[in-house]
Amino acid sequence: MVAKVRLFIDHPLAAGQPVPLDGAQSHYLSGVMRLPAGTLIEVFNGRDGAWSARIAAAAKRGGSLDVLAQVAPQRNPPDLWLCFAPIKKARTDFIVEKATEMGAARILPVQTDHTNAERIRQDRLQAHAIEAAEQCLGTFVPPVGDLLPLARLLDGWDASRRILWADEAMAGPAETLAGLPHGPWAILIGPEGGFSDAERARLASLPFVSRISLGPRILRADTAAVAALALWQASLGDWAGNPG
């Protein structure tokens, strides 16, 4: 029987193991999806693959599942981070959701000189990442960081992780990533107003930063994030059969 509901459970999973449900999870199963006890669902915790589970009990204040058997192995994304300047609420949600679907291993909102948002709801964005993984049959949920100033991020950056900077000033023929090394990477997407002159100068001076064009058109930040993720995955990531 194919499970019609997938649920992220932050709990170890193993055959025969009972797993508690919190009030929100239990309400979702019984109140929103209207699933009775005995219904099979699919669960994952981001570490142990996907498992079939049976609803043992579900009520307003909580419930439990009985884990049955593993149905899919754990599949982790390549070692790719997405660093981006938050934009309007719905479009920031979109970036987090699509980054999860497209195989980002970590998502880092960054505060730049021209970033409009002064704060984010990290817990809400993390919930969007979980929901995206649930819906697209993923077994991994990327952690979403809290908002961090770009200068502080770069101050503590490990130079062994290269940064792919989608520079809107380089609009022109789209570039391939042929010749760039495999290994850990991060994609950096700027704010709606672009990076400041000081930020651009610092990024251009860093030996671990590679600038690329995403084509002849200036893209909105959310579109640029998806385009850059697709370009990296197709050339250096697991779309091309590489572990990253």
Side-chain angles (χ1 to χ4, degrees), residues 1-77 82 84 86-109 117 119-147 220-223 225-226 229:
M1 178 179 179
V2 178
K4 74 173 185 176
V5 170
R6 299 185 83 240
L7 194 64
F8 173 80
I9 301 288
D10 189 12
H11 192 281
L13 299 174
Q17 182 176 19
V19 173
L21 296 170
D22 62 29
Q25 293 166 332
S26 185
H27 172 71
Y28 171 72
L29 293 178
S30 63
V32 177
M33 300 306 296
R34 300 188 180 280
L35 301 179
T39 301
L40 293 181
I41 66 171
E42 187 174 299
V43 296
F44 66 102
N45 61 7
R47 305 180 298 275
D48 301 320
W51 293 73
S52 61
R54 180 179 291 112
I55 300 174
K60 288 184 178 180
R61 295 185 178 180
S64 63
L65 303 172
D66 292 325
V67 180
L68 303 178
Q70 190 179 57
V71 296
Q74 179 64 25
R75 182 172 181 178
N76 294 328
L82 175 66
F84 74 99
I87 46 180
K88 294 179 181 178
K89 179 180 175 181
R91 290 166 60 191
T92 293
D93 295 345
F94 175 89
I95 290 174
V96 170
E97 292 166 0
K98 299 313 168 188
T100 301
E101 292 179 34
M102 298 180 72
R106 190 176 181 187
I107 301 172
L108 297 174
R119 61 182 62 88
I120 62 168
R121 280 282 306 278
Q122 184 273 340
D123 57 339
R124 185 177 60 81
L125 294 180
Q126 189 66 68
H128 278 291
I130 290 172
E131 183 178 355
E134 289 174 341
Q135 293 181 352
C136 68
L137 305 184
T139 57
F140 178 85
V141 178
V144 180
D146 207 349
L147 189 63
R220 295 195 328 181
D222 47 347
T223 308
V226 173
L229 285 163

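- Of the options Glu134, Gln135, Glu42, a side-chain hydrogen bond (donor to acceptor under 3.5 Å, both in side chains) to Arg6 is made by Glu42 and by none of the others.
- Residue pairs satisfying the ring pair (Phe, Tyr, Trp, His ring centres under 6.0 Å) criterion with at least one member in residues 10-61, sequence neighbours excluded, are listed as follows: Phe8-Phe44.
- Residue Phe84 holds its CZ atom at 10.0 Å from CG of Asp222, rounded to the nearest 0.5 Å.
- In this structure Arg75 satisfies the side chain to side chain donor-acceptor pair (under 3.5 Å) test with no other residue, sequence neighbours excluded.
- Using a 4.5 Å heavy-atom threshold, the side chains of Ser64 and Leu21 count as separate.
- Shown here for Gln126 and Val141, the closest heavy-atom pair between the two residues is NE2-CG1, 3.5 Å.
- In plain terms, the two heavy atoms of Ala37 and Ala56 that are nearest each other are CB-O, 3.8 Å.
- At most 12 heavy atoms of other shown residues, nucleotides or ligands fall within 6.0 angstrom of atom CZ in Arg54.
- Of all heavy-atom pairs spanning Gly145 and Pro109, the tightest one is O-CD, 3.2 Å.
- Salt bridge status for Arg119 with Asp146: absent, with no side-chain N to carboxylate O gap under 4.0 Å.
- Using a 4.5 Å cut-off on side-chain heavy atoms (C-beta onward), Lys89 and Ile120 make no contact.
- Judged by distance alone, with hydrogens and angles left aside, the side-chain atoms of Ser26 form no donor-acceptor pair with the main-chain N or O of Gly23 at under 3.5 Å.
- The distance from the CG atom of Leu13 to the CG atom of Asp48 is 5.5 Å, given to the nearest 0.5 Å.
- Of all non-hydrogen atoms in Pro142 and Ala129, the two that sit nearest each other are O-CB, 4.1 Å.
- Thr139 contributes no side-chain N or O that, together with a main-chain N or O of Gln74, makes up a donor-acceptor pair within less than 3.5 Å.
- Side-chain atoms of Ile9 and Leu65, non-hydrogen and from C-beta on, do get closer than 4.5 Å to each other.
- Minimum interatomic distance between Ser30 and Ala58 (heavy atoms only, all atoms of both residues): CB-CB, 3.8 Å.
- Taking OG1 of Thr39 as the start and CD1 of Ile55 as the end, the distance is 4.5 Å to the nearest 0.5 Å.
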Residues 94-106 side chain polar contacts: donor-acceptor under 3.5 Å, at least two apart:
| residue | atom | partner | partner atom | Å |
| --- | --- | --- | --- | --- |
| Glu97 | OE2 | His128 | ND1 | 3.0 |
| Lys98 | NZ | Glu101 | OE2 | 3.1 |
| Thr100 | OG1 | Val96 | O | 2.9 |

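- When all heavy atoms of Asn45 and Pro12 are compared, the pair lying nearest together is ND2-CA, 3.8 Å.
- Among Asp93, Thr92, Leu125, the one residue that satisfies the side chain to side chain contact (heavy atoms under 4.5 Å, CB included) test with Pro86 is Thr92.
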